[in-house]
Amino acid sequence: MLKVYNTLTGQKEKFETVEAGKVKMYVCGLTVQNYSHIGHIRSAINYDVIRRFLEYLGYEVDYISNFTDINEKIVKRAEEEGITPAELADKYANAFLEDIREFNIKPADKYLRVSENIDQIIEMVKTLIEKGYAYEVNGNVYFSVESFEDYGKLSGRSLDEMQAGARIAVNEEKENPLDFGLWKKVEAGEGWDSPWGEGWPGWHIECSAMSMKRLGATFDIHGGGVDLIFPHHENEIAQSEAYSGKKFVNYWLHNGTVNLSGEKMSKSQGNFFTSREVLKEFPAQTVRYFLLSRHYRSPIDFSYEKLEEAETSLQRIENARRQLAKVLNLDIESAEDNKENENFFTKVVELKDSFAAALNDDFNTAEAIGVLHDLVGEINSFLNQKDFTLNEKNFAVLEETEEIFLELAEILGLKFELNKAPGADDKLVSPLISLLLELRDRARDNKNWEEADLIRDRLQEIGVEVTDTPRGTEWEIKGKEE
RNA sequence: GGCGGCAUAGCCAAGUGGUAAGGCAGAGGACUGCAAAUCCUUUAUUCGGCGGUUCAAAUCCGUCUGCCGCCUCCA
């Protein structure tokens with residue numbers, strides 16, 4: 001049974017959907033004003049795994065995200081780059097889509113853009129004014145936080161507490177300093193026409209308008225970074241529920257931040273790694289694996305040193321996968337059976353269940369990765385038994401294990417494709433290498449180590465890795481080192 | 001100042017009442033002509049300090065210390 005931690009209640013809750021068998025989820029995307037950084041990628045990977053697991057559980061998932069393509073920052077950045085705001089937004093939205101492909105993140109079913117949903121937003125603002133939740137002053141429209149009884153329920157604050165904090169910029173137009181903008185007046189020619197004059201939507205309103213338009217007044221999951229809880233998501237709840245009179249979202253999920261030396265990575269602080277610069281140093285899968293090695297709600301400290309550790313750890317899993325594939329390629333030697341494979345397979349199935357149980361517990365990917373390593377240990381031990389032979393029963397069991405292994409990895413979005421280097425399947429290359437290795441074997445039989453090593457070393461230089469294993473000499477095209 | 005979170009081995013990290021997963025590094029071993037690779041075993045009487053509840057606490061309560069987040073744009 002799936003349990004998820006809901007920020008709204010501060011507890012893990014049993015997960016039940018509005019509509020049986022279907023999950024409607026909305027994840028706050030980014031303002032497309034620059035290249036994405038690792039913090040954005042963590043968020044995207046996190047919700048990607050959540051989505052994949054929900055699909056694994058059999059749900060039909062409608063996963064929606066957004067691109068904020070209208071605001072001051074975009075205008076400013078566009079001026080800097082000498083292009084129009086729309087071009088800038090397009091450029092970075094496309095860059096983001098390229099980035100997530102690298103990280104094996106499934107794209108959302110739909111990315112909603114503010115610029116394409118202005119009508120919807122205006123309609124919503126209009127209704128909020130009519131219902132008495134919002135007011136217009138000089139072409140600006142504000143939401144009145146005092147008019148919404150439950151204001152503060154997500155972030156666990158009360159209006160009194162927040163006013164005591166008194167770190168809110170003074171704005172004479174607002175009835176209450178905490179009131180937030182729904183519609184913002186801008187210079188002629190820069191915005192959209194509205195009943196209140198030319199302007200832009202406020203930041204928070206877009207997510208409400210677009211998510212409800214696509215997913216309905218009440219939907220299942222709304223996700224984003226913890227730094228969005230207040231004010232962004234708090235405000236979304238206020239305006240959405242004031243508008244529809246219904247509960248907006250059942251489960252609020254928030255992922256932790258990516259930190260650098262303990263400090264939050266963020267654009268405004270200037271302390272961030274873009275995903276692109278990280279990808280120059282490490283494979284995307286390593287980054288993904290690293291980010292999933294910690295529970296999504298906790299902050300994670302980012303460094304290249306940690307990525308190197310993650311790389312080594314990930315290789316252990318990759319090796320097991322490769323060994324498994326190699327063994328499955330061997331000829332079946334005997335029909336004999338031993339009891340070992342039954343014990344082995346029982347454990348494999350148990351681990352499969354443990355893996356699902358880990359993710360069922362608020363998507364605990366760190367624990368799930370631990371289970372994956374346990375599975376690797378079982379596979380290794382089984383394959384490295386002294387008297388291992390590939391009999392029919394072993395083959396069947398290993399084939400099924402491979403399937404389970406790949407299925408679980410797929411939930412985490414990890415791909416373990418076999419190295420299909422160019423030439424590996426070539427009708428000429430393969431026999432040629434086999435021939436060379438035959439010569440090497442003969443040299444070894446004659447204890448002519450010099451010649452044997454020459455063949456191995458020369459093959460290595462060409463990019464063919466030769467490994468002596470208890471099952472005989474194996475080779476693999478690795479390609480040349482760059 | 002207000003609200004919230006976190007503190008587990010050398011490092012990273014799971015674990016929310018039943019006696020400490022997993023990874024990295026380290027140590028030992030297996031395999032090998034050698035090398036590389038790989039594999040196996042092993043590494044916390046203890047969970048920031050103190051006090052309390054309980055038959056039982058890393059897990060609950062109180063308190064102290066340290067770190068972080070939000071309160072302004074932010075994934």
Side-chain angles (χ1 to χ4, degrees), chain A residues 7 10 12 27-31 33 36-47 65 68 71-73 152 155-158 160-169 178 203 223-232 234 254-259 262-269 272 289-290 293-295 297-301 303 305-306 308-317 319-320 322-323 354 358 361 364-377 379-381 383-386 443-445 447-450 452-453 456-457 460 465-470 474 476:
Chain A
T7 306
K12 278 185 199 169
V27 176
C28 280
L30 63 169
T31 301
Q33 50 159 330
S36 66
H37 66 232
I38 294 300
H40 300 127
I41 293 301
R42 181 190 195 188
S43 181
I45 287 175
N46 170 227
Y47 295 105
S65 190
T68 298
N71 69 21
E72 291 86 341
K73 285 182 179 175
S155 53
R157 316 159 190 234
S158 70
D160 293 344
E161 281 165 9
M162 284 186 273
Q163 273 154 12
R167 271 183 56 184
I168 303 139
L178 289 161
W203 174 42
V226 276
D227 45 6
L228 295 182
I229 294 173
F230 190 89
H232 186 53
E234 192 69 68
H254 292 98
N255 59 281
T257 53
V258 176
N259 295 167
E263 304 274 314
K264 189 179 100 175
M265 190 183 281
S266 76
K267 274 184 184 166
S268 53
Q269 299 279 52
F272 60 88
Y289 177 83
F290 167 70
S293 69
R294 174 129 193 179
H295 184 91
R297 280 193 282 120
S298 307
I300 187 167
D301 218 58
S303 73
E305 207 183 345
K306 295 280 153 47
E308 258 161 54
E309 281 180 15
E311 174 100 344
T312 313
S313 175
L314 179 59
Q315 268 164 13
R316 182 168 179 266
I317 300 176
N319 283 329
R322 222 179 305 132
Q323 267 217 72
S354 304
D361 185 13
N364 194 334
T365 53
E367 193 180 334
I369 285 176
V371 175
L372 212 51
H373 274 281
D374 288 339
L375 179 60
V376 164
I379 292 170
N380 287 336
S381 299
L383 295 184
N384 288 296
Q385 292 170 90
K386 277 233 159 50
R444 292 175 77 204
D445 286 345
K447 297 201 191 307
N448 185 349
W449 311 128
E450 204 180 325
D453 290 351
R456 183 178 65 197
D457 294 346
Q460 176 85 35
E465 190 173 271
V466 175
T467 324
D468 298 319
T469 78
E474 293 173 355
E476 192 171 356

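Lettering of chains follows the sequences in order, A, B, ..., and the numbering in each one begins at 1. Hydrogens, waters and symmetry mates play no part in the numbers below; they use all other heavy atoms, side chains included. Fair warning: this is a prediction, and the values are worked out from it, not measured in the lab.
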Item to check | Proximity to the side chain of A:Lys73 - top-ranked nucleotide from B:rA37, B:rC73, B:rA75 | outcome: B:rC73
Checklist entry - Using the ring of each side chain (for Trp, its six-membered ring), is A:His373 parallel, tilted or perpendicular to A:Tyr289, with breaks at 30° and 60°? => result perpendicular
Checklist entry - Quick one: A:Phe290 CZ to B:rA14 P, roughly how many Å, whole number? => result 11 Å
Checklist entry - Think A:His40 has a side-chain N or O under 4.0 angstrom from the OP1 or OP2 of B:rA75? => result yes
Checklist entry - With respect to the phosphate group of B:rA14, does any side-chain polar atom (N or O) of A:Asn364 fall under 4.0 Å of OP1 or OP2? => result no
Checklist entry - Can A:Lys12 and A:Asp361 be counted as an ion pair, charged N to O under 4.0 angstrom? => result yes
Checklist outcome for this item: Rounded to whole Å, CG of A:Leu383 lies from C1' of B:rC39 at a distance of 10 Å
Next on the checklist: Less than 4.0 angstrom between a side-chain N/O of A:Lys264 and OP1 or OP2 of B:rA75, yes or no?
Outcome noted: no
Checklist entry - Rounded to whole angstrom units, what separation is found between the CZ atom of A:Arg297 and the P atom of B:rG69? => result 19 Å
Item to check | Minimum-distance nucleotide to A:Glu367 side chain [options: B:rC71, B:rC12, B:rG15] | outcome: B:rG15
Checklist entry - Among B:rG23, B:rG33, B:rA36, which is the nearest nucleotide to the side chain of A:Asp453? => result B:rG33
Checklist entry - Starting at CG of A:Asp374 and ending at P of B:rA21, how long is that distance when rounded to a whole Å? => result 11 Å
Item to check | Distance in angstrom units between A:Lys447 NZ and B:rC34 P, rounded | outcome: 10 Å
Item to check | Per A:Glu263 side chain, nearest of listed nucleotides B:rC71, B:rC39, B:rC68 | outcome: B:rC68
Item to check | d(CZ, A:Phe230; C1', B:rC3) in whole Å | outcome: 10 Å
Next on the checklist: Whether A:Asn384 contacts B:rC40 is assessed here as follows: a side-chain N or O lying under 4.0 Å from the phosphate OP1 or OP2. Is that the case?
Outcome noted: no
Checklist entry - Side chains of A:Thr257 and A:Asn259: do they bring a donor and an acceptor to under 3.5 Å? => result yes
Checklist entry - Which of these nucleotides, B:rC34, B:rA14, B:rG33, is closest to any side-chain atom of A:Ala452? => result B:rG33
Checklist entry - Looking at the side chain of A:Glu309, which of B:rC24, B:rA75, B:rA14 is the nearest nucleotide? => result B:rC24
Checklist outcome for this item: Rounding to 0.5 Å, atoms CZ (A:Arg297) and CG (A:Asn46) come to a distance of 10.5 Å
Checklist entry - Once you round to the nearest 0.5 Å, how far does CZ of A:Arg294 lie from CG of A:Asn255? => result 13.0 Å
Item to check | Distance, P atom - from B:rU43 to B:rG2, rounded to whole angstrom | outcome: 47 Å
Checklist entry - If you check every side-chain atom of A:Arg294, which of B:rG33, B:rA14, B:rU16 has the closest atom? => result B:rA14
Item to check | Of the listed nucleotides B:rC70, B:rG23, B:rG33, the one nearest the side chain of A:Arg157 | outcome: B:rC70
Checklist entry - Side-chain donor or acceptor of A:Asp301 under 3.5 Å from a matching atom on the base of B:rC68? => result no
Checklist entry - Where the side chain of A:Asp227 is concerned, which of B:rA21, B:rG2, B:rA75 is the nearest nucleotide? => result B:rA75
Checklist entry - For the pair made of CE in A:Met265 and P in B:rG69, what is the distance, rounded to whole Å? => result 13 Å
Checklist entry - What's the closest nucleotide to the A:Gln323 side chain, out of B:rA75, B:rC39, B:rG33? => result B:rC39
Checklist entry - Taking atom CD of A:Gln33 and atom OG1 of A:Thr68, what is their separation to the nearest 0.5 Å? => result 9.5 Å
